[in-house]
Amino acid sequence: MQTTNRKDWPPISETLFIPLAARAAETTRKNPIFTDEKSLEMLRTIDTSTTVTDGGELATQGILARTKVIDDEVKKIIAQTPNAVILNLGAGLDTRMNRIDNGLLTWFDLDLPEVISLRSRFFSENDRVRFISKSVLDASWVEEIPLPENSTVVIVAEGLLMYFPEEDVIRFFTLLAKRFSGAHLFFDVVHRFFVNKKMSSPFLWGLDRAKDIEKLNEQVRLVQAWSTGNLLKERQSMLIRILNLLPSTRNRSQILHIQFAREDAQSNRR
Ligand SMILES: C[S@@+](CC[C@H](N)C(=O)[O-])C[C@H]1O[C@@H](n2cnc3c(N)ncnc32)[C@H](O)[C@@H]1O
């Protein structure tokens, strides 16, 4: 077992073990919705004795649902544009590339330096995979992404934005809209009911309605939204199915696919 000294880690980074454990547990389940041997292998080798790895049944269902939805949606995009550039923001120990790599795409994993250092023990950089050890709120990271002409850019920010105050979320969208016009972005967002509730890493930002994301930045267009309450229904208890009648429970977490306006469309709007 590898002992990782995580005493000095930012508390937010400890949250990466919750999705890791959820994906590992799914892999050992009968009739899993996906399998992920790499998560299982990593979890076996990291000392998580002092770490929260279980976010509870509802959080686990949300994580599994978002993993599956985003896997499927990104696969659809790369089926059309196999040379896409994928930016995995707040990568943690995410394993999506192992599930969807087509041998042609280019992949960037960005996280805080402490986390990239842990990630480097299990994954390697190569011609198509690069690590960026920076905060996503440090605008300089965008300069590290070379963009071939006409490239399709797909950005994934899973389990990330709910930990930022709204002003940082707005700054994040402004940065992406400016640098990655036309890009797709997949991320999850919690309902505002859960903002500032007592939790190990409290949520600081949320949305009630998916469409409200368009109010945050005028270059943002909502393509699709999935409510966690409508996904993996076969695993929901009767109580949760009833509570799902409430928008705050049904939309406790939503997965959003947005697209940033293309540059030509942006100049038409001016
Ligand atoms: C809940 S984990 C999600 C990890 C991964 N996306 C997944 O779904 O398995 C949140 C991740 O966001 C990272 N993170 C938090 N604040 C960040 C920031 N300012 N810049 C980059 N990454 C950040 C944490 O270090 C952590 O790895």
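When reading the values below, keep in mind they use all heavy atoms of this one structure, side chains included, and skip hydrogens, waters and symmetry mates. Atoms within a ligand are numbered from 1 in the order they appear, just like the ligands themselves. For the single chain, residues carry numbers from 1 onward in sequence order.
In the model, Asn83 has no side-chain atom that pairs as donor or acceptor with a side-chain atom of Arg128 under 3.5 Å. Side-chain atoms of Thr45 and Arg121 form no donor-acceptor pair, as typed in the model, at a separation below 3.5 Å.
The shortest N or O to N or O distance between Tyr163 and ligand 1 is not below 3.5 Å. Inclusion of Leu137 in the set of residues having an N or O under 3.5 Å from an N or O of ligand 1 is not warranted. When only interatomic distances are considered, the shortest N/O to N/O separation between Gly159 and ligand 1 does not fall below 3.5 Å.
Within the set Asp111, Val115, Leu16, Leu161, the minimum heavy-atom distance to atom 24 (C) of ligand 1 is found for Asp111. Nearest-heavy-atom check against atom 9 (O) of ligand 1 across Arg23, Glu158, Glu114 picks out Arg23.
Distance check: Lys134 NZ to Leu89 CG gives 13.0 Å after rounding to the nearest 0.5 Å. From Ile78, atom CD1 reaches atom CD1 of Ile100 across 4.5 Å, with rounding to the nearest 0.5 Å.
Around the CD atom of Gln80, the shell of radius 6.0 Å holds no more than 12 heavy atoms that belong to other residues, nucleotides or ligands. Summarising the local packing, CD of Glu149 is surrounded by 12 or fewer heavy atoms from other residues, nucleotides or ligands at distances under 6.0 Å.
Atoms of ligand 1 found under 4.0 Å from any heavy atom of Ser13, numbered from 1 in the order shown, are 24 (C), 25 (O). Listed by number with element, the atoms of ligand 1 under 4.0 angstrom from any heavy atom of Ile12 are 15 (C), 16 (N).
With a heavy-atom cut-off of 4.0 Å, Pro19 touches ligand 1 through its side chain alone. Here Leu160 has side-chain heavy atoms under 4.0 Å from ligand 1, and that is the only part of it that gets that close. Residue contacts with ligand 1, taken as heavy atom pairs separated by less than 4.0 Å, involve Leu110 solely via side-chain atoms from C-beta onward. Using a 4.0 Å cut-off between heavy atoms, Ala91 contacts ligand 1 through its backbone alone, with no side-chain atom that close.
Aromatic ring centres of Phe187 and Phe173: separated by under 6.0 Å.
At least one heavy atom of Arg66 sits closer than 4.0 Å to an atom of ligand 1.
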